[in-house]
Amino acid sequence: MSSQPGHPPEGLFPEPTRRDVLRTSATAAATGMVVPAMVSAQQTQATAPSTGAMETLQGEVAVELNVNGKNMALKVEPRTTLLDALRNRANPPLTGAKLVCDRGNCGACTMIVDDKLVYACLQLAVDMRGKRIRTVEGLSSSEGASNTAQLSPLQQSFCEHDASMCGFCTSGFVMAITHCLERKPDASLDDIKSACAGNACRCGTQPHIFEAALAIAKGGAK
Amino acid sequence: MTYPSGPQDNAPKQSKTKKVKTTKVVNGIEQEVEIEVEDVAGPEWGPRAALKVLDKELIRVDAPVKVSGRAVYTHDVRVPGMAWARLLLAPQPATKITKLDFSACSKVPGYLGHVVIEAEETRWLGQPVAAVAGATSEAAEDALRAIVLEYEALPFVLDRDSALKPDAPKVSRRGNQSKPQTRGDEAKAKAAIEAAPHKASGTYSVPVVHHACLETHGAVVDWRGGEEATVYCSSQHTFGFAGDAAKTLDLKSSAVTGIVEHMGGGFGSKFGFGQEGDAAAKLSKLLQRPVHLMLTRKDEFLMGGNRSGSHLELAGGMDANGALVGFTARAHKQGGIGDGSLSGLPYIYKCAEAWTEVSGVRTNMDSSRAMRAPGHPQASFATESLLDELAYAAGLDLVAVRKANLEDKVWHRQLDRVAKEIGWFEHPHRTQPGNAKAELCTGIGFAISRWGGGGGPACEVEVAIERDGSVTSSVGSQDLGTGVRTYVAAIPAEELGLPLSAVVARIGSTRLGNANGSGGSVTTASLAPAVKDAAYNARRAFAEVLAPLLGCAAAEVQFADGGVQTSAPGGKRLTWKQACAALPEAGLRAKGVWAAHLQGNGIHGAQAAKVEVDTLTGRVRVLHMVCMQDVGLCLNRAATRSQINGGMVQALGYALLEERVVDTALGLQLNPCLEDYKLPHSLEIPKMTVILDDEDTRGVIGVSEAPIVPGGAAIANAIHNACGARIRSLPCTPDKVLIALGKVS
Amino acid sequence: MKSFTLINPTTLDGALEALVQAMDRRGRSKAALLAGGQDLLTELKEHLAEPEKVVNLKNVPGLATIQVDGTLLRIGALASIEAIESHPIIRERAPALAEAAATIASPQIRSVGTIGGNLCQRPRCWYYRLEEAKCIKKGGAECFSYSGRNKYNAIFGGGPSYIVHPSDMATALTTLDAQVVILSPKGTQTLPIERFFTLPSEGSVLKETVLKPDEIVVEVQVPLDALSQHSAWSKFKERASYDWALSSVCVAVVKDGSTVKRARVTLGGVAPIPWRVPAVEALLVGKSLDEATIAAACEEALRGAEPLSENGYKIPLTKGLLTRVLRSLA
């Protein structure tokens, strides 16, 4: 099991496999002081780590993050959030995700990390090494043309349904609904509402956001 | 006909000439010239049926950059050498500062400097004391926490009752209560109530609520020690802050550019440079480098503004026909250390004998600021609630009662329509509320709105047509999410027979023409006519150029379908590109100013809400909200609908979820965060129906504020209508519903 | 956040070692454990905790698996809330747990928040969460909610602190008779979940659990049986989209026909710990879940409630939730 900085070991956010779920193992018989079989089994299966080899990060740390398919070198502190890293320390800065509450209450900083929808303000940047980070900028391409970006179908639908007013919440909603539709292309209104229940909009664009999302869901085409 | 008179769509054209000013390039030099043109009535919107761009569902021109995360807001500005700044706020409502020590800051890696804002005494919770800058956002926070602030906690009051006690500590030199303003004859009003067959009274209260803009207040002052500076500010007025920055930076005001390219919501809270902008400029001056200072979310709740609360003691009398014959109100506005606001009472409905006494009761909290229809939702909630109570006392239909007290038939028509849409005529409880026997009860409530929405001469717009065919429409106005940028492009597109995509709008800079701030819903009626005038002048001047090419008189040149042609039969047609090729190298520029006849003033509005109340738990679910709104000429139907939806969503928050919670003993706001200050999210959003009142054929009118006013009242009334639970104190949270149902001992 | 050193162990031993090294002789710790971070990072940002070292569990493999050993459901402490909510076996055989998980917070929190973190999270009381309020839970003298703004505070078991425990899964796991497996330098211990949480009057008011600074929750175990199979959950939120419980109820029953043979009933959002109500359980046994029994059960469940000035509504509210949950299991 590797423990080099920049190449974290397998198994961050590990998903249980079907085999894991159905596996039975010898039951630990005694009560009390028995190490659970599952845990010790995993430890012996893993590549033995070198004793005492624990990555320790302090001060300024150089990290490489994979953002929208590209590797990006950054200097961060252990306390730097993924949001602050991309907004304030990346060059060029990625400011599509917004700092609004910094507490995981409003969703304006929403990103997709390894196919999980996350509040970027509640992720440490150093914890994001080796992960696929997707931000709103990665959904469209603006190669060449000055004003017109090639928008994703959902982004285009947001435009067509007037789903953005001041626009400060928009990136977060676009990410939350993109994630929802990637998992469930024929999402219902309830699915869409649940998907963005963690996102705030003060201007009140939600009715049009729902219409924009449903237009894609019912359309079906990707 | 009940609308005030406005421009007639088909005014006959006069056939004489007049002189018009435009800029023309003469011998390579741009100069303002006077040309003679046929004297028609001036710019006109024209018959609505003939509009190709306006009054349609337009896609906002800035939607693509917003949905792709490429729109740069003040919060996002990054310039070389930029320092990060934070504010230190007073931690108690009233303090005498005994120590303000920055010496530990110099030990913080990345600390750059500080300024003192207040060194002696603070009088409201969250008042800024100092600002500190660091090389990174983390360093700024470290430096902030290294400041030593010691103080003597002074006596304070944070609630109305305490503030009104005779021995209460004085909130400010002006005392704790503003001089009560009275209107009407108290004795007559009381007598009228007494004589009325049906009476109702109650104490109504609405809490302090917050704007909760997603982008907090703040600025980036980009000065690098030279002769010029650029200031980015999250502001509702492009021209409202650069002058202050210039003074602080000791620069000529002409050398400082103010930018509001995009801003993340204002709702009335973002006028002026603010203490945060001022601090940013002072730090920039000190450090001779750019400074980024945006309030944190907690800062924003404490000092970013709020809508004043209200405490209203009402009484009313109604006759057998549903007429409001007597009304009294004693009201206390609660605007923190300021005076708060409250619209006139009774709100909109006529009353033969009305008496009101209104004063502001002050506390050691930040002053209220304008918030979308200041004083109106408070007055609406109280008035509409009392009206329903009177209607039930009289056993009269809730819609009929409203109509009985409104002379203007526009409201009658709108109320009838929203009643139909919400399902009023199939609803069982039209004259009496339902009871709470069933676990799930459904109710309907109504309320109305009124606003001015007219504009004035403030905006200077320029429309430029270039030789390569590009068209630019420029003015320094700001777009808060209102859709200004889009109609700044759409109006010239309409005028010149072009699609929306052919016109580029430039806004949000003090380098462009002057514009007023976006408050009071004045923007559309101030700006759109000026854009129209500029477009009109550009068209007329261009027609002069094209007339010889088309072999016709200038007045016969038509701009349509992306080209120009002559109205004469068998005439020539040029494409837009061909026409523009005829322009001189420097193109053509025309300016526009306000034209009164293109705008109107005085809108109405009616809303209805349907709710389901769960009497077992107190849960209120809003099922449907309907609004019918007159807006004059609608420039962009999609954006107008969004504005109206948005007002209803904000009203829903006001009705069910939002309040500033304060511990009056500890002197703290308990919910300065978006976890405990609860905005409506997706599952709170009901079905929304917006009906634009197309019977209103007037010119453009501002519609930003009217839609937020009635929703809270409609929901509160709907709750009562559902199950008989009358809640007189917003928000109608589940605990209050259960208390009103008598379930809490 | 204040600066900290982040330690990334790759084994549980390493994690324990890091915790031990961060303890002083009096047993106070300069370290905090980081799992999903959805609570810890908010604590750090409010400066409620300023650990010098943060020990990150996410690089220790094998802590997030969900598996069934016979009739024992074993959930690794680092399993995400989303994984629990969507797990087919949990949905089928311990539905209240999946339902409880589904009502937690928002999609963004559930995707990376962990069951271990959810059980060990600190309270949401606004006095606790405000740095400026030096309340009893942070070493101060007084619980400000008691005579202050206490709409969201406890009606049972309060004193000297009146917080409610914020974990929805803790409430459901209590009904499901779950156990918590704790690893310490001395070895492993398995505790019934009811012994994991402590009342402020019984344990230290500064904590909500028995967990010591050199201990790590590594697993949660849930028996899968007829009881877990017939379990139901209800959480009432002031804001349906994303909120904590104003009150919650979790009930599991084993019936013979329509007669209850065994019942477990826990209330959430009403006490500093998940509030199991054995008196209601006893009342239900031998009865069918008709309206009369349900009404009696509701009365019994809220008997002895001691509301504060602003939270009396929790009494009828909780009765309403319990009514509906019992009806669903009838």
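Quick note on labels: first sequence line is chain A, next is B, and so on, each numbered from 1.
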In this structure, which one of B:Met688, B:Lys687, B:Met648 forms a side chain to side chain contact (heavy atoms under 4.5 Å, CB included) with A:Pro207? B:Met688
Tell me, side chain or backbone of A:Leu99 under 4.5 Å from chain B's heavy atoms, or both, or neither? both
Heavy atoms only: give me the nearest A:Cys166-B:Lys66 pair and the separation to one decimal. O-CE, 3.5 Å
Of the backbone (N, CA, C, O) and the side chain (C-beta and beyond), which part of A:Thr80 lies under 4.5 Å from a heavy atom of chain B, both, or neither? both
Please work out whether the ring planes of B:His75 and A:Phe168 are parallel, tilted or perpendicular, with thresholds of 30° and 60°. tilted
Determine, for A:Lys75 against B:Glu138, whether the closest basic-nitrogen to carboxylate-oxygen distance falls under 4.0 angstrom. no
Tell me whether A:Glu137 contacts the main-chain N or O of B:Arg70 through its side chain, where contact means a donor paired with an acceptor under 3.5 Å. no
Looking at side-chain heavy atoms only, is the closest gap between B:Ser68 and A:Leu151 below 4.5 Å? yes
Which atoms of A:Phe173 come close to chain B, meaning under 4.5 Å heavy atom to heavy atom: side chain ones, backbone ones, both, or neither? neither
Could you tell me if the side chain of B:Ser682 sits less than 4.5 Å from the side chain of A:Asn199, heavy atoms only? no
On a heavy-atom basis, which atom in A:Arg202 and which in B:His210 lie closest, and how many Å separate them? NH2-O, 2.8 Å
Smallest heavy-atom separation, B:Leu214 atom then A:Ala200 atom, equals CD1-O, 3.6 Å
Quick one, B:Cys673 and A:Cys101 - any side-chain contact, counting heavy atoms below 4.5 Å? no
Heavy-atom pair of closest approach, residues B:Val649 and A:Gln206: CG1-OE1, 4.0 Å
Of all heavy-atom pairs between A:Asp84 and B:Ser137, which one has the smallest distance, and what is that distance? OD2-OG, 4.4 Å
So does A:Asp162 get a backbone contact from the side chain of B:Arg60, meaning a donor-acceptor N/O pair under 3.5 Å? no
Residue part contacting chain A, namely of B:Leu679, when any heavy atom lies under 4.5 Å: side chain
A:Gly204 and B:Asn645: which non-hydrogen atoms are nearest, and at how many Å? O-CB, 4.0 Å
Check whether any side-chain heavy atom of B:Asp76 sits under 4.5 Å from a side-chain heavy atom of A:Arg87, and report yes or no. yes
Counting heavy-atom pairs under 4.5 angstrom with chain A, the leader among B:Pro686, B:Ala63, B:Ser642, B:Gly647 is B:Ser642
Starting at SG of A:Cys196, measure out to CG of B:Leu683 and round the result to the nearest 0.5 Å. 8.0 Å
I want to check something: taking the side chain as every heavy atom from C-beta on, are B:Thr136 and A:Arg89 in contact at a cut-off of under 4.5 Å? yes
Where on A:Ser164 is there a heavy atom nearer than 4.5 Å to chain B: the side chain, the backbone, both, or neither? both
Which bit of A:Lys98 comes within less than 4.5 Å of chain B, counting heavy atoms only: side chain, backbone, both or neither? side chain
Do the non-hydrogen side-chain atoms of B:Gln643 and A:Met165 ever get within less than 4.5 Å of each other? yes
So B:His681 and A:Lys193, do their side chains get closer than 4.5 Å, heavy atoms only? no
